[in-house]
J.: 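Got a structure here, written out as C-alpha cells. Questions coming.
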Amino acid sequence: MGKGSKDKRDLYYRKAKEEGWRARSAFKLLQLDEQFNLFEGVRNVVDLCAAPGSWSQVLSQKLNCIDSSSSSKIVAVDLQPMSPIPGVECIQADITHPKTLERILGIFNGQLADFICSDGAPDVTGLHDIDEYIQAQLILSALQLTTCILKPGGTFVAKIFRGRDIDLLYSQLGNLFEKVICAKPRSSRSTSLESFIVCINYKPQKDWKPKLTLNQSTEEFFKDANLGRAKLSESLENNLPFEERVVAPFIACGDLSSYDSDATYSIEEGKQTTSLDPVQMPTAPPYKKALEMKRKGILLRQ
Ligand SMILES: C[S@@+](CC[C@H](N)C(=O)[O-])C[C@H]1O[C@@H](n2cnc3c(N)ncnc32)[C@H](O)[C@@H]1O
C-alpha cells in the first residue's frame, strides 16, 4: 500500500492535514456543532481525553482563544503529553483519578465549566468484552468528573459505542440532563459503532452534592443522584418489554453534501497528489523506545 493511499481512502484524514487539524476527529466536533450550536455563550471548557488535540484546536478557534484578551478558558486533559495549543491549558493526567478534578478546578479558580467533552478511547486489548467494559467505565469516569464541575444548564458531549447495554446509560443521563441525543456525524465511519451523546441542560437533583474519592464504585458515587439504576437493572434482569427501556433519539448530523467517511475519493485535480506530513508529530509515541533500540542495533539481540 502506497504512503498516500490512506489520503485517498479516507478523505477526512487527508482534509485534516490540508486544513491543519491534528486528527480527523476535528470534523466530528465541527459537525456536532453544526447540528447543535454547542458553543453559544460558552466560556469555561474541559476537553477530556484530548490528545493529540484536534478537538482542543476546534474549541480554541470557536471560543476565539487565539486572541489573548479572550475571557474563555479551555483545559485539555490526557494521559499522553500534548503539544501546546493557543489558549488551551494542557494537563497530563488520568481522568479516572480524583486529583485530576482538583487540578481542573484550580485552573478555573473554583468556577464551573459551561461545556465538557470527552472523546476518550482506551487502548484496545482485542478481547471484545473487556474492551467494551473498559470503554463503558471510561465514559462513566468522564460523567462522574462532569457532575462535579459542570454548571447547571451546561452541556456534556461524549463518545460512546452503541453496545448491548447502552440504554442503561441513556436512562442514567436522562436523569441528569434535560435532553439526551445520540448523534452520528458523517465524518464518523458508518461501519463503526461509534456515536456521540449530546447531553443538554445539566439539571442534577438539588440536594445531591457529588464527591469524587479514590476507590469508590460508580454505584456509591451516584447513590444519592436518583438515577433510577435499580429500576432499570430490574428491567434488564426481568427482560421487560423494549418500550420500558430508554431509547435516546438518534440524529445523523453533517450536511448531506459533506464527504462520506466510508467512500474512497480521488485527490482533487490541481492538488498535491503526494501524501502530506502529519500536522503534529506524536510527542511521546509508544514506538519511540523501539526505534531508539533499533538505531543502536540492540533490538534484535534482546
Ligand atoms: C481518540 S483519542 C482523542 C482524540 C482527540 N479528541 C483529538 O481530537 O485529538 C483518545 C484519547 O483518550 C485518552 N485516554 C484514554 N484513557 C484515558 C484516561 N483514563 N485519562 C485521560 N486520557 C485517556 C488516550 O490517551 C487518547 O489520547
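Numbering of ligands and ligand atoms starts at 1, following listing order. Nothing here was measured: the structure is a model prediction, and the numbers come from that model.
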J.: Any side-chain heavy-atom pair from Phe27 and Lys15 closer than 4.5 angstrom?
T.: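 Yes. Closest side-chain heavy atoms under 4.5 Å.
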J.: Out of Ile107, Val77, Ile74, which residue meets the side chain to side chain contact (heavy atoms under 4.5 Å, CB included) rule with Glu89?
T.: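 Going through Ile107, Val77, Ile74 one by one, the side chain to side chain contact (heavy atoms under 4.5 Å, CB included) with Glu89 is satisfied by Ile107 alone.
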J.: Report the member of Ser54, Ser56, Cys49 with the shortest heavy-atom distance to atom 8 (O) of ligand 1.
T.: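 The residue whose heavy atom sits nearest atom 8 (O) of ligand 1 is Ser54.
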J.: Mind checking the OG1-CD spacing from Thr96 to Gln137? Nearest 0.5 Å is all I need.
T.: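 Going from the OG1 atom of Thr96 to the CD atom of Gln137 covers 10.0 Å.
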J.: Return the closest protein heavy atom for atom 19 (N) of ligand 1 as residue, atom name and distance.
T.: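 Residue, atom and distance for the closest contact: Asp94 OD1, 2.8 Å.
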J.: Do you know the tightest heavy-atom contact between Cys49 and Gly120?
T.: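 The answer is CB-CA, 3.3 Å.
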J.: Got an N/O contact under 3.5 Å between Val77 and ligand 1?
T.: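 Val77 vs ligand 1: no N/O contact under 3.5 Å.
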J.: Should Lys159 be listed as contacting ligand 1, given a heavy-atom distance under 4.0 Å as the test?
T.: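 Yes, Lys159 has a heavy atom closer than 4.0 Å to ligand 1.
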J.: Could you pull out the closest heavy-atom pair between Phe177 and Gly154, with the gap in Å?
T.: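 The answer is CE2-O, 4.0 Å.
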J.: With a 4.0 Å cut-off on N to O distance, would you call Arg43 and Asp114 a salt bridge?
T.: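 Looking at Asp114 together with Arg43, the answer is no, because their closest N to O distance does not fall below 4.0 Å.
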J.: Applying a heavy-atom cut-off of 4.0 Å, say which part of Arg22 lies close to ligand 1: side chain, backbone, both or neither.
T.: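 The answer is neither; Arg22 stays 4.0 Å or more away.
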J.: Please identify which atoms of ligand 1 are closer than 4.0 Å to at least one heavy atom of Pro52.
T.: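 Those atoms are 9 (O).
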J.: Answer whether the closest heavy-atom distance between the side chains of Val88 and Asp47 falls below 4.5 Å.
T.: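 Not in contact.
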J.: Number the atoms of ligand 1 from 1 as they appear, then name those within less than 4.0 Å of a heavy atom of Gln80, with their elements.
T.: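 Contacts of ligand 1 toward Gln80, numbered from 1: 25 (O).
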J.: For the ring pair Tyr202 and Phe156, is the centre-to-centre distance below 6.0 Å?
T.: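 Aromatic pair excluded; centres sit 6.0 Å or further apart.
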J.: Would you indicate which of Ala16, Ala93, Ala26, Ser118 comes nearest to atom 21 (C) of ligand 1 when only heavy atoms are counted?
T.: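 Comparing heavy atoms across Ala16, Ala93, Ala26, Ser118, the nearest one to atom 21 (C) of ligand 1 lies in Ala93.
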J.: Take atom CG in Asp123; do more than 12 heavy atoms of anything else shown fall under 6.0 Å from it?
T.: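 No, because the 6.0 Å sphere around CG of Asp123 holds 12 heavy atoms or fewer from other groups.
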J.: Side chains of Leu32 and Cys253, heavy atoms from C-beta outward: is any pair under 4.5 Å?
T.: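 Side chain of Leu32 against side chain of Cys253, heavy atoms only: contact under 4.5 Å found.
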J.: Find all atoms of ligand 1 within a distance of less than 4.0 Å from any non-hydrogen atom belonging to Ala50, and give their numbers and elements.
T.: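 Answer, ordered by atom number: 5 (C), 7 (C), 9 (O).
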J.: Quick one: look at Leu138 and ligand 1, take heavy-atom pairs under 4.0 Å, and tell me if it's side chain, backbone, both or neither.
T.: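 It is the side chain that gets close, since no backbone atom is under 4.0 Å.
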J.: Within a distance under 4.0 Å of any heavy atom of Ser25, pick out the atoms of ligand 1 and give their elements.
T.: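 What qualifies from ligand 1 is 8 (O).
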J.: Suppose we measure from atom 6 (N) of ligand 1 to each protein heavy atom; which comes out shortest, and what is that distance?
T.: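 Answer for atom 6 (N) of ligand 1: Asp119 OD2, 2.8 Å.
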J.: Using a 3.5 Å cut-off on N or O atoms only, is Trp55 in polar contact with ligand 1?
T.: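 Min N/O separation from ligand 1 is below 3.5 Å for Trp55.
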J.: Taking side chain as C-beta onward, heavy atoms only, is Glu132 less than 4.5 Å from Phe161?
T.: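 The answer is no, as the side chains (C-beta and beyond) never meet within the 4.5 Å cut-off.
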J.: Identify, for atom 2 (S) of ligand 1, the protein heavy atom at the shortest distance, and state residue, atom and that distance.
T.: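 For atom 2 (S) of ligand 1, the nearest protein heavy atom is Ala51 O, 3.6 Å.
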J.: What do we get for Ser141 next to ligand 1 when only non-hydrogen atoms under 4.0 Å count, side chain, backbone, both or neither?
T.: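 No part of Ser141 comes within reach of ligand 1.
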J.: Quick one: nearest non-hydrogen protein atom to atom 20 (N) of ligand 1, plus distance?
T.: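 Protein heavy atom at minimum distance: Ile95 N, 3.0 Å.
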J.: Quick one: which ligand 1 atoms are inside 4.0 Å of a heavy atom on Gly53?
T.: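 In order of number, 7 (C), 9 (O).
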J.: Which residue holds the protein heavy atom closest to atom 15 (C) of ligand 1, what is that atom called, and what is the gap in Å?
T.: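 So the nearest neighbour among protein heavy atoms is Ala121 O, 3.4 Å.
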J.: So which protein heavy atom does atom 17 (C) of ligand 1 come closest to, and at what separation?
T.: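 Going by distance alone, atom 17 (C) of ligand 1 is nearest to Leu79 CD1, 3.5 Å.
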J.: Please state which protein non-hydrogen atom is closest to atom 25 (O) of ligand 1 and give its distance, to 0.1 Å?
T.: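 In this structure, atom 25 (O) of ligand 1 has Asp78 OD1, 2.6 Å as its nearest protein heavy atom.
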J.: Given the rule that I, L, V, M, F, W and Y join up when any side-chain heavy atoms are under 4.5 Å apart, are Leu112 and Ile200 in one cluster?
T.: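 No; Ile200 is not reachable from Leu112 via cluster members.
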